[in-house]
Amino acid sequence: RMGEHGNQVVIYSMSLNSKQDVAMVLPLPVAAGSGADAVKFFNFEKYPALFDDLEKGFPKPESGSNSLAYRGPKAASEPLRVVSVGAFDASFVPTIADFSRLDARFSLPPQVWDKLPGYKSFGFAVFKLKAGNTTVHPMAFSFPSAMPEKIFFPTVHIHDGEVHREAEFDHTLYAQTKDEQKSVRNWQESPGVALQFTTVAKTHEMIRPNQHVYRRFMNGSLKNEDVLIAAG
């Protein structure tokens, strides 16, 4: 959701099955002129079941129903600050050039960025994840958005060093927005407000207790792009 003063908050969770340590890189439309401390990370280690609770806020669809599924500048030389956030480490990379200050294992090939010109002005949240087969507790952060009128979901997939036109999605998106009717016209609305099915006190005020939550499923082979909705 969009927070105060144009700061967007993001909470992200996923399952991981990897034989080696990896990193997840999330592009962020950070406002121009933001410093190296622009992104603030939040520890959700004590609330690993957040997305289970969010799911409880929605009635189970009728059997056979799938109406909500969408198918189809020169870098500084000093190392980037690393923040320990529960079970993993996180860093904010201010620009593409600053990836040289990150662990080389977690940098993408330069040709990848040539295929993603829209990210030239973006910053990046980088989460270093340990090898294993597990569900990672929620990763959460806020950032000053360059587009405060929009809520940005980082959903572009790059797994093999290549940018593919389509990618396999297995995502569930949740949002809270003021302009409820226009922004989330094709999303499912929770019957109750967030306070009724989540432990809001454990969310660092990232979830508004008295607002409804909206949900969208993205499953199957879909256009490989980020998702934007109006913030309201």
Quick one: side-chain contact (heavy atoms from CB on, under 4.5 Å) partners of [X], sequence neighbours excluded?
X      : result
Arg1   : Val9, Gln176, Arg208
Glu168 : Ser221
Asn43  : Glu45, Val85, His137

Subject >> Aromatic ring pairing His171/Phe169, orientation class (parallel under 30°, perpendicular over 60°, tilted between) >> reply: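 Tilted.
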Original post:
What is the ring orientation for Phe41 with Phe127, classed by angle as parallel under 30°, tilted 30 to 60°, or perpendicular over 60°?
Top reply: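 Taking Phe127 first and then Phe41, their aromatic rings stand perpendicular (interplane angle over 60°).
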Listed partners of [X] passing salt bridge (charged side-chain N to carboxylate O under 4.0 Å, His left out), at least two apart:
X      : result
Asp89  : none
Asp114 : none
Lys202 : none
Lys115 : Glu162

Side-chain donor-acceptor contacts of residues 18-34 below 3.5 Å, not counting sequence neighbours, with atom names and distances?
residue: Ser18; atom: OG; partner: Gln20; partner atom: N; Å: 3.2
residue: Ser18; atom: OG; partner: Gln20; partner atom: O; Å: 2.7
residue: Asp21; atom: OD1; partner: Ala131; partner atom: N; Å: 3.1
residue: Ser34; atom: OG; partner: Ala31; partner atom: O; Å: 2.6

**OP:** Using the test side chain to side chain donor-acceptor pair (under 3.5 Å), find all partners of Asn17 that sit at least two apart in sequence or belong to another chain.
**Re:**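 Not a single residue meets the side chain to side chain donor-acceptor pair (under 3.5 Å) criterion with Asn17.
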Original post:
Tyr119: what forms a side chain to side chain donor-acceptor pair (under 3.5 Å) with it, not counting sequence neighbours?
Top reply: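 Per chain and number, Tyr119 pairs via side chain to side chain donor-acceptor pair (under 3.5 Å) with Asp226.
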Side-chain donor-acceptor pairs under 3.5 Å in residues 140-156, sequence neighbours left out?
residue: Ser145; atom: OG; partner: Met147; partner atom: N; Å: 3.0
residue: Ser145; atom: OG; partner: Met147; partner atom: O; Å: 3.4
residue: Thr155; atom: OG1; partner: Glu225; partner atom: O; Å: 2.7
residue: Thr155; atom: OG1; partner: Val227; partner atom: N; Å: 3.4

Original post:
For atom NZ of Lys128, is the number of surrounding heavy atoms from other residues, nucleotides or ligands below 6.0 Å larger than 12?
Top reply: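 Yes - once you tally the heavy atoms of other residues, nucleotides and ligands closer than 6.0 Å, there are more than 12.
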**OP:** Would you please indicate yes or no on a ring centroid separation below 6.0 angstrom for Phe58 and Trp187?
**Re:**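 No, too far apart.
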Original post:
Taking the hydrophobic residues Ile, Leu, Val, Met, Phe, Trp and Tyr, and joining any pair whose side-chain heavy atoms are under 4.5 Å apart, which ones share a cluster with Val200?
Top reply: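 Members other than Val200 - counting any ILVMFWY side chain reachable under 4.5 Å - are Val193, Leu195.
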